[in-house]
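Here's the structure, in C-alpha cells; my notes come after.
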Amino acid sequence: MKEKKKPSAFSALMDYAGGHKALTYFSLILSAITGVLALMPFVYLWRIIKEVIEVSPNFSEAVNITYNGRMAVLFSLIYMLVYFGALMCSHLSAFRVAGNMKKDLLHHIAKLPIGFADEMGSGKVRRIVTEATSSTETMLAHNLPDMVQAIVTPIAMVVMLFIYDWRFGLACLVPIISAFAMTFRMMGPKMAEDMRQYQNSLESMSNEAVEYVRGIPVVKTFGQTVFSFHRFKKSIDDYGDFCLKYTFECRSSMVLFTMFINSAFAFLIGLALFLTRGGAATQDILVNFLFYVIFTPIITTTMMRVMFMSENSLKIDDAMARVNSILDIKPLAEAKEKKTPSGAFVEIKNVTYRYAENANPAVKNLSLSSDKDQIVALVGPSGSGKTTAAGLISRFFDVQEGSVTIGGVDVREIGKDELMNTVSYVFQDSKLLKRSIADNLRIAKPDAEDEEIHNALKAAQCDDIIKRLPQGVDTVLGSEGTYLSGGEQQRIAIARAILKKAPVVILDEATAFADPENEVLVQKAFMELTKNSTVIMIAHRLSTIRNADKIYVLDHGEVAESGRHEELLEKNGLYSSMWKEYKSAISWKVGEAV
Ligand code: ADP
C-alpha cells in the first residue's frame with residue numbers, strides 16, 4: 001500500500017478503499033450516465049417549444065405537448081435516482097478511504113519515535129490526520145462523480161449541438177474551449193506549487209496557533225498581546241501575503257474564465273443576427289436558435305464544475321503528499337534478535353544527534369555513563385542538550401552516531417516492551433489522563449493490586465492529596481472541579497513510576513512549584529523513587545544534586561566537565577560559576593523575603 005513510486009494520487013486513494021474500490025468505479029459509471037440524462041429534460045422541453053412554433057397559430061394541432069412534458073419529468077426523476085445511486089456508492093467508498101487512511105496514519109504514528117510529534121509540530125500532525133484525510137473524502141464522494149458528469153455532459157452536448165445546426169454548435173464551442181484554456185492556465189505546475197505553499201502556510205498557522213494557545217497563560221500573566229508571539233503573527237502575515245499574491249496571479253485567468261462561460265449567449269445572438277441579416281429569419285433558424293438558448297445555461301454550470309474539479313484535484317495531490325510525508329517517516333527499527341539487558345548500568349558513547357531542521361547537533365560526540373543504582377545528574381545551561389540526551393536513553397529517537405547501552409545492550413537491540421519496562425521517564429510536565437488516580441497509576445502496571453497502588457502513593461508522599469479528594473484514589477481527575485497543582489501532579493507521576501519499579505529512572509526535575517511544602521514533598525518522593533534504581537536526573541536546581549554520584553555539566557551538546565559536587569567546585573569551571581550564580585540567587589531571594 002505504501003510503495004515509494006505511486007502512479008497517481010487517485011490510484012493511491014483506491015488502494016485505501018480495499019473491497020469498496022468497485023463502488024467508486026460503479027459510481028463513476030452511474031455519473032457518466034447522469035451526464036447524458038441531465039440533458040434529456042431539456043431536449044423534451046425544446047421539443048415542446050419546437051412543436052408550438054411549428055403549429056403556430058393553430059395551437060390545437062400541437063398534440064405531443066403532454067407526452068413531451070411527461071418525458072421531461074420522467075427523465076428528471078430518472079436523473080435524480082441515478083445521481084442519488086452514484087453519490088451513495090461514492091460516499092460508501094470515500095468514507096472507507098478516509099477511515100482507512102486515518103487508521104493507517106495512526107497505526108504508523110504509534111510506531112514512530114516519541115520525539116516525532118515534537119519535531120514535526122503537533123498542530124501539523126493534527127491537520128494532516130484530520131483535514132488532509134477529510135479532503136480526500138470530499139474529493140471521492142462529491143468531486144469525482146461530478147467530474148465525470150462534467151466531462152460527459154459537454155461531450156454529449158457538443159454531439160447534440162452539431163446534430164441540430166453546426167453553425168450554432170460552433171458558436172457555443174468557442175466560449176467552452178476558451179474557458180477550458182483558462183482553466184488549464186490556472187492548473188499548471190506553478191499552480192500546483194502555489195497550492196502546496198498555500199497548504200504549508202495554513203499548516204504553519206495551525207502549528208503556531210497551537211503554540212499560542214499553549215502559551216496563553218504567559219500572555220495573560222505578562223499582559224502581552226498576540227504581537228508578542230512573533231512567529232504566530234508572522235505565520236498569519238505570511239498567509240495573508242500569500243493569499244493576496246495567489247489571488248492576483250489567478251485574477252486575469254479567473255476573470256476571463258467567468259467572462260467566457262457567460263458569453264455563450266453573446267456568440268449565439270451574434271450568429272443569429274448574422275444568419276437572419278436582411279430579414280431572412282426562417283422558422284428552422286428560429287427553432288434551432290431556441291434549442292441552443294435552452295442549452296447555454298448548462299454550459300455555464302458544467303464549466304463551473306470543471307473549474308472546481310481542477311482546483312480539487314490539485315488539493316488532493318497535495319493532501320496525498322502530506323499524508324505520505326508522515327507515512328514515509330521510518331518507524332523505530334525493531335531488532336530481529338532481541339536482547340535482554342544484564343544489569344541497570346547506562347552508557348552513552350560518542351553520541352551525536354541533530355534535529356531534522358537544525359544545523360547544529362543538539363548533542364555532539366557525547367559520552368557519559370552511570371553504574372547500577374547510581375544517581376547521575378545532567379546540568380547545564382538551557383539548550384545544552386540535557387533533554388535530548390535523556391530522550392536518547394529512552395529511545396524517543398535513535399542516535400545518528402555512537403550508541404546508547406543499558407546493561408551492556410544497545411537500546412536498539414532491546415525489545416520495545418522490554419525497554420519500556422526497563423526505563424521509567426518522569427516528565428517535568430507530568431502527563432496525567434482524565435481518569436481516576438488509580439487508573440492513572442495502572443498505566444504503569446495494569447494488574448496492580450489496590451494495596452500496591454496505595455503503597456506507591458504513600459511512598460510518593462501523596463497521602464494528603466488522596467485524603468482531600470472526594471472519592472480517594474477513585475476520583476476522576478478533571479471532574480467535579482478536581483484539579484491538582486503542578487507539584488501534586490508530579491507526585492502522582494512519581495507514584496506511577498514507583499509502581500512500575502523500572503531499574504532505570506529518568507527524572508526531569510520540575511523547575512518551579514507553587515509552594516515550598518510541595519517542593520519538600522516532591523523531593524521526598526524523588527528519594528523514594530531513586531532507591532534501588534539507576535537514576536539519570538535532569539537537574540534544574542543545583543541544590544538537589546549535591547549528593548549525586550556523578551554530575552555531568554553539558555554545554556552546547558558536549559560534556560564540559562564531570563565529577564562530584566566538591567570536585568567540580570574545585571575545578572573552578574562552568575559548574576563552579578553556575579553554583580555561584582545559584583547561591584547568589586538564593587541569597588537574593590532570602591534577602592527579598594526579609
Ligand atoms: P536542554 O534540555 O539542555 O534545555 P535540549 O536537549 O532541549 O536542551 O535542546 C538542545 C538543542 O536542541 C537546543 O538547541 C534546542 O533548540 C534543540 N532542540 C530541542 N528539541 C528540539 C526539537 N524538537 N526540534 C528541533 N530542535 C530541538
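Atoms within a ligand are numbered from 1 in the order they appear, just like the ligands themselves. Only heavy atoms go into these numbers, but all of them, side chains included; no hydrogens, no water, no symmetry mates. Because the structure is predicted, anything quoted here is derived from the model rather than measured.
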### Task
For the residue pair Asn365 and Thr352, confirm or rule out a side-chain donor-acceptor distance under 3.5 Å.
no
### Message
Quick test: of every protein heavy atom, which one is nearest to atom 12 (O) of ligand 1, and how far off is it to 0.1 Å?
### Response
Ala362 CB, 3.3 Å
### Query
What is the closest protein heavy atom to atom 8 (O) of ligand 1, and at what distance does it sit?
Gly385 N, 3.1 Å
### Task
Could you tell me the separation between the CD1 atom of Ile348 and the CD1 atom of Ile406, rounded to the nearest 0.5 Å?
9.5 Å
#### Entry: Contact bool for atom 4 (O) of ligand 1 (protein heavy atom, d < 4.0 Å)
yes
### Query
With sequence neighbours left out, what residues match Asp464 under side chain to side chain contact (heavy atoms under 4.5 Å, CB included)?
Arg491, Leu521
### Query
Which residue owns the protein heavy atom closest to atom 2 (O) of ligand 1, what's the atom, and how far is it?
Thr387 OG1, 2.4 Å
### Query
Heavy-atom distance from atom 25 (C) of ligand 1 to the protein below 4.0 Å?
yes
### Query
Which residue and non-hydrogen atom of the protein lie closest to atom 15 (C) of ligand 1, and at what distance in Å?
Asn358 ND2, 4.7 Å
### Query
Ser382 near ligand 1, heavy-atom distance under 4.0 Å?
yes
### Task
Provide, to 0.1 Å, the distance between atom 19 (C) of ligand 1 and the closest protein heavy atom, together with that atom's residue and name.
Tyr355 CE1, 3.4 Å
#### Entry: Residue and atom name of the nearest protein heavy atom (relative to atom 6 (O) of ligand 1), distance in Å to one decimal
Thr388 OG1, 2.5 Å
### Task
Would you check, one step at a time, whether the test side-chain hydrogen bond (donor to acceptor under 3.5 Å, both in side chains) holds for Asp555 with Ser384?
CA-CA 5 Å; Asp555 193 21; Ser384 56; over 6 Å; no
### Query
Is there a donor-acceptor pair under 3.5 Å between the side chain of His108 and the backbone N or O of Ile329?
yes
### Query
Which ligand 1 atoms are under 4.0 Å away from a heavy-atom of Ser384?
1 (P), 3 (O), 8 (O)
### Query
Applying a strict 4.0 Å limit to heavy atoms, is Pro381 in contact with ligand 1?
yes
### Message
With a 4.0 Å cut-off on N to O distance, would you call Glu452 and Lys501 a salt bridge?
### Response
no
### Task
Locate the shortest heavy-atom distance separating Lys500 from Val423; write the atom from each residue and the value.
NZ-O, 2.8 Å
### Message
Please list the nearest protein heavy atom to atom 10 (C) of ligand 1 with its residue and the distance rounded to 0.1 Å.
### Response
Gly383 O, 3.4 Å
### Task
For a salt bridge (charged side-chain N to carboxylate O under 4.0 Å, His left out) with Glu131, tell me which candidate from Lys102, Arg126, Lys124 qualifies.
Arg126
